[in-house]
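Report on the following structure.
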Amino acid sequence: MKQALKLLLQTVIAIVVPLWASSQAFLRLSQPSREQTNVNTARQFIAGRTCTDCKVTINNEPVYVYSTGTFAVKKELKEGRNSFTITAEDTTNGKTYTKNITWYYAPVPPPRVTSSFRIDFVEISPKGNLQLSVGDTLHVKMKGYPGGHASWFNNSPLRELPAAQTGGVPGYYVGSYALQPADSLLNGKIQVRLYNGSETAILNSTYHYSMMRHEIPLTGRTIDNMTYLTSAAEGDRLGPDKIGYLDKDVLLHIIGRQGDYYKVRLSSQRTAFIPEPLVDTDIPQEPMPVSIVSDAKVWGDEKADYVSVALSDKLPYTSTQMVSPGKIIVDIHGAYAENGISTQLQGTREITGLQWQQPTHDVLRMVISLKHAPWGYQIYYENNRITVKVKRVPANLSLRNLVIGIDAGHGGSNMGSVGLTGVYEKTLTLNLALQLEAALKREGATIIMSRTTERLVPNEERLSLFRRADPDLLLSIHLNSSGNPVDVTGTATYYKHPFCEPLNAAIHKRLLETGLNDFKNNGDFNFILNNPTEFPDALIETLFISNPGDEEKILEPQFQQEIINKIVQGLKDYLKTM
């Protein structure tokens, strides 16, 4: 371990030190990336690096240069041509290096009234090529010549919005349409029409639409226990927001398609989406089963507590948690109970009570009350019997009794972000993860690492590794990044599930003691390693590698050690609260 840390530190030094040690004036700009750039926003940044003995001026105004040779400034542009001369002067020999950059700033013009009879654009949501079912609703927004009569699907009228609702610009039309059984969508595209009494303007939708018709429902089964549901078919850079993971062979009712995602009906009032490759539709097609629940088992063994009920098939489920008081809430979609279900506990140590609820006629809810805040749980099937395995809080809450997963973010061809010095996020995360591993091993903890060398490990493999290994806690180490290298700075933690908030809060509180700015403890985050429910997890974005001040700190070995010490202290604080 010491050898691995030494080698990694040498790698970091090899990357960064040449930049520090250079005594010849130079300039390397990260922002802007070109000498001449057209932009439509006034706020721009000049950021880069020079020699550590250099002074930097921009249009003869001095700029602060960090000990790493990096600098970053914010500029507010005037409309038109904005030129800047950046000069680096080596204070040891007086030699200079100069770069000239130019921004051409043209603000985005405000919306204007359509002056001639036409349709400017049409936006239909949901977006994408869609397969739809009866009852699905489409929404449309169109901009065109004001004062006309607009219509779209099946000649349904569109309403022109008052100019007071559109920034003073008339000519915006909106509408919605719920698909009916007689609708065909055979032509694939939807037309929007605008009529003024003598002329008609027509514009077709960008995407294609069709109806999904089956005499019996189209069904599919999940291919493995890495299958997940999402709340939509579109999302941010992390993808659509995940609702949760399902076990293998769970039966799903497919009611539509949006892009590469199937839309599925979980129950009468709940739909979700699932990536097409994760569903096997080559199965016997038959009506969706009705599952009447009449018995339940609640018991404990030497390892955990359990709740299970028998169903007619492997039905989909969703879950959430409460921290105070500790509860796990599981909804089984497509199931109901005609009579009371047993809540008798047999040998449980963590489960203190169980309630059965029927929030809708086809959703059976189990509310599992716990002695403590949840420590993790797993939902799985044995034949058609769904089981919730509830972890117990470890009897001895000290680090020497715990198994802790550590994930060094990025790696290999997945470099992550890059600092102004040129150091890669993947290098620093591995460095920090190895130091954290060593620190926790000194405390007696058992450690599971996602990677210990400079290599690519796909995020799906990391998730699978930790779900199989089932550690007591999981920590993922990253460095944050922003396009604003001046104002955005600080330390942050991220979690998805409510039961992970206390762990993240404890670590974040300690990290603030380093003097870093507060970028908050952030919930409902969609990072892949925040999604499991089997164990508490924390995504630790130590600081912003994009900010030269934060980057200067993280390149100092003493500050790295302080970060590690604060994470360990945060873990100890968390354990004291359980």
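Other residues, nucleotides and ligands contribute over 12 non-hydrogen atoms within 6.0 Å of the NZ atom of K99. Annotation: F466, atom CZ; neighbour count of heavy atoms from other residues, nucleotides and ligands within 6.0 Å is above 12. With a 6.0 Å radius and a threshold of 12 heavy atoms from other residues, nucleotides or ligands, Q165 has its CD atom above the threshold. Heavy-atom neighbours of D260 CG from other residues, nucleotides or ligands within 6.0 Å: at or below the threshold of 12. The environment of K127 atom NZ is sparse: at most 12 non-hydrogen atoms of other residues, nucleotides or ligands sit within 6.0 angstrom. For K75, the NZ atom sits in a packed shell: over 12 heavy atoms of surrounding residues, nucleotides or ligands are nearer than 6.0 Å.
The closest donor-acceptor contact from the side chain of N522 to the backbone of K520 lies under 3.5 Å. A donor-acceptor pair is defined here as one N or O able to donate and one able to accept, closer than 3.5 Å; no such pair exists between the side chain of S151 and the backbone of P157. Within the 3.5 Å criterion, the main-chain N or O of F544 finds no donor-acceptor partner in the side chain of N480. Although no hydrogens or angles enter the test, the distance criterion places a donor-acceptor pair under 3.5 Å between the side chain of Q321 and the main chain of F499. Counting only distance, with no hydrogens or angles, the side chain of N59 and the backbone of T85 share a donor-acceptor pair below 3.5 Å. Of the possible polar contacts, none joining the N196 side chain to the A201 backbone as a donor-acceptor pair under 3.5 Å is found. The backbone N or O of I190 sits less than 3.5 Å from a side-chain atom of S205, completing a donor-acceptor pair. Put simply, the side chain of T491 gets close to the backbone of T542: a donor and an acceptor are under 3.5 Å apart. N82 contributes a side-chain N or O that, together with a main-chain N or O of K78, makes up a donor-acceptor pair within less than 3.5 Å. Under the 3.5 Å distance criterion, the side-chain polar atoms of Y173 are matched with a main-chain donor or acceptor of G148.
Look at K426 and E454 and you find a salt bridge, because one of the NZ, NE, NH1 or NH2 atoms lies within 4.0 Å of a carboxylate O, short of that distance. For the pair R257 and E276, the salt-bridge criterion is met [side-chain N within less than 4.0 Å of a carboxylate O]. A salt bridge does not link D573 to K509: none of the charged side-chain nitrogens sits closer than 4.0 Å to a carboxylate oxygen. The existence of a salt bridge linking E89 and K95 is excluded, since no basic side-chain nitrogen approaches an acidic carboxylate oxygen closer than 4.0 Å.
A cation-pi arrangement is found for K242 relative to Y228, the charged atom lying closer than 6.0 Å to the ring centre and inside a 45° cone about the ring normal. With Y245 as the aromatic partner, R467 meets the cation-pi criteria of under 6.0 angstrom to the ring centre and within 45 degrees of the ring axis. Cation-pi geometry between R43 and F45 is not satisfied (NZ or CZ under 6.0 Å from the ring centre, within 45° of the ring normal).
The two residues A408 and L430 make their nearest non-hydrogen contact at CB-CA, 3.8 Å. T102 and S83 make their closest contact through OG1-OG, 3.4 Å (heavy atoms, listed as atom of the first residue, atom of the second, distance). For P548 against P485, the heavy-atom pair with the smallest separation is CD-O, 3.2 Å.
Checked against the 6.0 Å centroid criterion, the rings of Y177 and F153 qualify as a close aromatic pair. A distance below 6.0 Å separates the ring centres of H478 and F527. A distance of 6.0 Å or more separates the ring centres of Y261 and F273.
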Practice problem: Would you please test Y209 and Y207 for ring-ring contact (aromatic ring centres under 6.0 Å, His included) and show each step? | Solution: CA-CA 7 Å; Y209 304 83; Y207 299 105; 7.3 Å; no
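For the residue pair D53/T91, the side-chain donor-acceptor check at 3.5 Å is not satisfied. Remark: the R462 side chain and the S464 side chain contain no N/O donor-acceptor pair separated by less than 3.5 Å.
In this pair, H149 and Y195 present their aromatic rings tilted. The plane angle is within the 30 to 60° band.
You'll find the side chain of K263 reaches within 4.5 Å of the side chain of T271, heavy atoms only. Between L474 and L529, some side-chain heavy-atom pair lies under the 4.5 Å cut-off. V73 has its side chain out of reach of E61: every pair of non-hydrogen atoms, C-beta onward, lies at least 4.5 Å apart. Contact check for V65 versus T70: no side-chain heavy atoms found under the 4.5 Å cut-off.
Partner of L194 under the side chain to side chain contact (heavy atoms under 4.5 Å, CB included) criterion, chosen from E199, M142, R118: M142.
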